[in-house]
Amino acid sequence: MTGRPARQDIAVEAGPGDTGGERDRPVWSRDFALFFVARAVARLGDTMLPVALAAGLLEHGYGAGAVGLAMASTAAAFAGLVVFGGVLADRFSTRRLMIGADLVRLGTQSLAAALFFAGHVVLWQVCVIGFVNGVASAVFQPGVASTIPRLATDIQGANGAIRIAESAAQLAGPAVAGLLVGFASPGGVFAAHATTYAVSALCLLLLRLPPLPEAMRGTAAESRHAFKADLVEGWREFRSRTWLWGVIAIWGVYMIAVSGPTVPLVATEVVQQHGPRTYGLINSALGAGTVAGGLLALRLRPRRMLRAGAVSLFAYAGFPAAVGAGLGVPAMAAGAAVAGAGLSFWGVMWATSVQTQVPPDVLNRIHAYDVAGSLAMLPVGQALAGPAAGALGTGHVLLAAGVMSLVVAASLLLVPPIRNLIRADATAPSAH
């Protein structure tokens, strides 16, 4: 494609002796293993964070609204800036950008740990740290989408393996966080979270990506291509695919009505009623479910991937509904496990569809628009979670979230370009 900026990672990230030609890249290799570990460890830290925020802020006299606001600060920065991160990922070395983002988050989470250890916790400071984390995540995330196809030819298998790694981390993370909070303090969780970013950065530093295809290499003159023009080109490619923007539009409803309120309200409700260890247990059940969903995604190869993924999303309703209805811990854990399986299977189907249906030279930007559109409403849902719970009651808001999760899954199935999209390795890619 003409007008493409020069990629700075071609020579630097090529492995020794790599000819740059087409070659079979199985899922498991040294480099994929490094990326696998980086994603698993980073996810481990990320799943510990809600426990630390909920327990730490509640311990210092804040309520559900503060927990939601702290989470929203990260989500808002991420959703607002990830599109620009996608352009950067298409212009510069994705590996270097990801390493830099990890190092920034190592610093911010170390600072958060110091604040909680010192007992000097002010909400606006926690929100500023969260905002900086969101900016770093916006720089990091777009490179993930284009890294997986460069490491393995079986993209669905690679996505399934990454999903299992992240799910296993989600299984362990909340439980570890609950133990750290119970036996140490929330500051210990933040310190552990900072360490996970250090490990991720080290794995990415050791990673060697194969060179991009010749057609995707830029020239020095092309490096002057305007940043704005890259954004416009990415938007044009994004809106030309009805199945893509259709999912994003529907997912915005999911974020504001389901995921946004569910995460902070479930955290606050369970911690207040049953303690941080129980919240860790329930999140571990969610992680076990996502492992099962990832394993299922490794075995099943549906012809219409988004249709199969949308059907699996019906399983999510039981999680917020069980907590909202005030059911016992076993019922909440069961609901979380089933929800995790459905959400994980959808995640693999969706990620694989994007990575195989979109041309590689615009994949980072398309993925950035995907993430931005998907998460744009998340901070709204998180910020409104506290006021809504105060006005209607936490239980009623969570029950409504369960109902809306059913509405979202049904809506995905009602859109023909979404439910009828054929997988890329079954026929020619569908552009609309």
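Model, not experiment: these values are computed from the prediction.
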| Hey, are the side chains of Leu298 and Gln156 touching, using non-hydrogen atoms and a 4.5 Å cut-off? | no

| Nearest heavy atoms of Ala333 and Ala285, plus distance in Å | O-CB, 3.3 Å

| request: Tell me, please, which residues at least two apart from Arg163 pass side-chain hydrogen bond (donor to acceptor under 3.5 Å, both in side chains). | output: none

| task | Look at the rings of Trp350 and Trp346 and say which category their plane angle falls in: under 30° parallel, 30 to 60° tilted, over 60° perpendicular. | result | parallel

| All pairs passing side-chain hydrogen bond (donor to acceptor under 3.5 Å, both in side chains) where residues 383-406 contributes a residue, at least two apart | none

| remark: In this structure, CZ of Phe190 is separated from OG1 of Thr108 (nearest 0.5 Å) by 10.0 Å

| said: Distance check, rounded to the nearest 0.5 Å: Leu413 atom CG versus Ile250 atom CD1? | reply: 9.0 Å

| Heavy-atom pair with the smallest gap, counting every atom of Ala331 and Ala322 | O-CB, 4.0 Å

| Sub-4.5 Å side-chain heavy-atom contact between Gln109 and Thr196 | no

| field | Rounded distance (nearest 0.5 Å) linking atom OG1 of Thr74 with atom CG of Asp46 | value | 10.0 Å

| said: Any non-hydrogen side-chain atom of Leu300 less than 4.5 Å from a side-chain atom of Phe345? | reply: yes

| field | salt bridge (charged side-chain N to carboxylate O under 4.0 Å, His left out) contacts in which one or both residues fall within residues 99-120, not counting sequence neighbours | value | Asp102-Arg105

| request: Please tell me if the side chains of Val41 and Cys203 come closer than 4.5 Å, counting only heavy atoms from C-beta onward. | output: no

| said: Does Arg301 form a side-chain contact (heavy atoms from CB on, under 4.5 Å) with Arg423? I'd like the steps, not just the answer. | reply: CA-CA 9 Å; Arg301 304 274 170 158; Arg423 62 182 301 131; 3.9 Å; yes

| said: Set out, in order, the CA-CA distance, both residues' side-chain angles and the distance that settles side-chain contact (heavy atoms from CB on, under 4.5 Å) for Leu34 and Leu204, then state yes or no. | reply: CA-CA 7 Å; Leu34 284 170; Leu204 294 173; over 6 Å; no

| field | Closest non-hydrogen atom pair, Pro417 against Thr242 | value | CG-CG2, 3.8 Å

| query | In Å, rounded to the nearest 0.5 Å, how long is the span from CE of Met305 to CD1 of Ile422? | reply | 11.5 Å

| said: Donor-acceptor pair, distance only, cut-off 3.5 Å: does the side chain of Thr268 make one with the backbone of Leu265? | reply: no

| field | For Thr262 against Ala401, the heavy-atom pair lying closest together | value | OG1-CB, 3.8 Å

| query | Which heavy-atom pair separates Pro302 from Met349 by the least distance, and what is that distance? | reply | CG-SD, 3.7 Å

| query | Could you state the interatomic distance from CZ (Arg303) to CG (Asn420), rounded to the nearest 0.5 Å? | reply | 10.5 Å

| task | Heavy atoms only: give me the nearest Leu286-Ala336 pair and the separation to one decimal. | result | CD1-O, 3.1 Å

| Going by heavy atoms in the side chains, are Tyr316 and Val338 under 4.5 Å from each other? | no

| message | To the nearest 0.5 Å, what is the distance between CG on Leu205 and CZ on Arg95? | response | 6.5 Å

| field | 4.5 Å side-chain heavy-atom contact, Arg30 and Arg208 | value | yes

| Leu69 vs Leu123 side-chain heavy atoms within contact, under 4.5 Å | yes

| said: Does Ile148 form a side-chain contact (heavy atoms from CB on, under 4.5 Å) with Gln355? I'd like the steps, not just the answer. | reply: CA-CA 9 Å; Ile148 292 176; Gln355 291 165 5; 4.0 Å; yes

| task | Kindly indicate, with the supporting measurements, whether the criterion side-chain contact (heavy atoms from CB on, under 4.5 Å) is fulfilled by Phe78 and Gln141. | result | CA-CA 9 Å; Phe78 179 72; Gln141 184 61 35; 3.7 Å; yes

| request: Kindly say whether the aromatic ring centers of Trp245 and Trp251 come within a distance under 6.0 Å. | output: no

| Under 3.5 Å side-chain donor-acceptor pair for Tyr197 and Asn133 | no

| message | In the structure I gave you, are the side-chain heavy atoms of Gln357 and Trp243 within less than 4.5 Å of one another anywhere? | response | yes

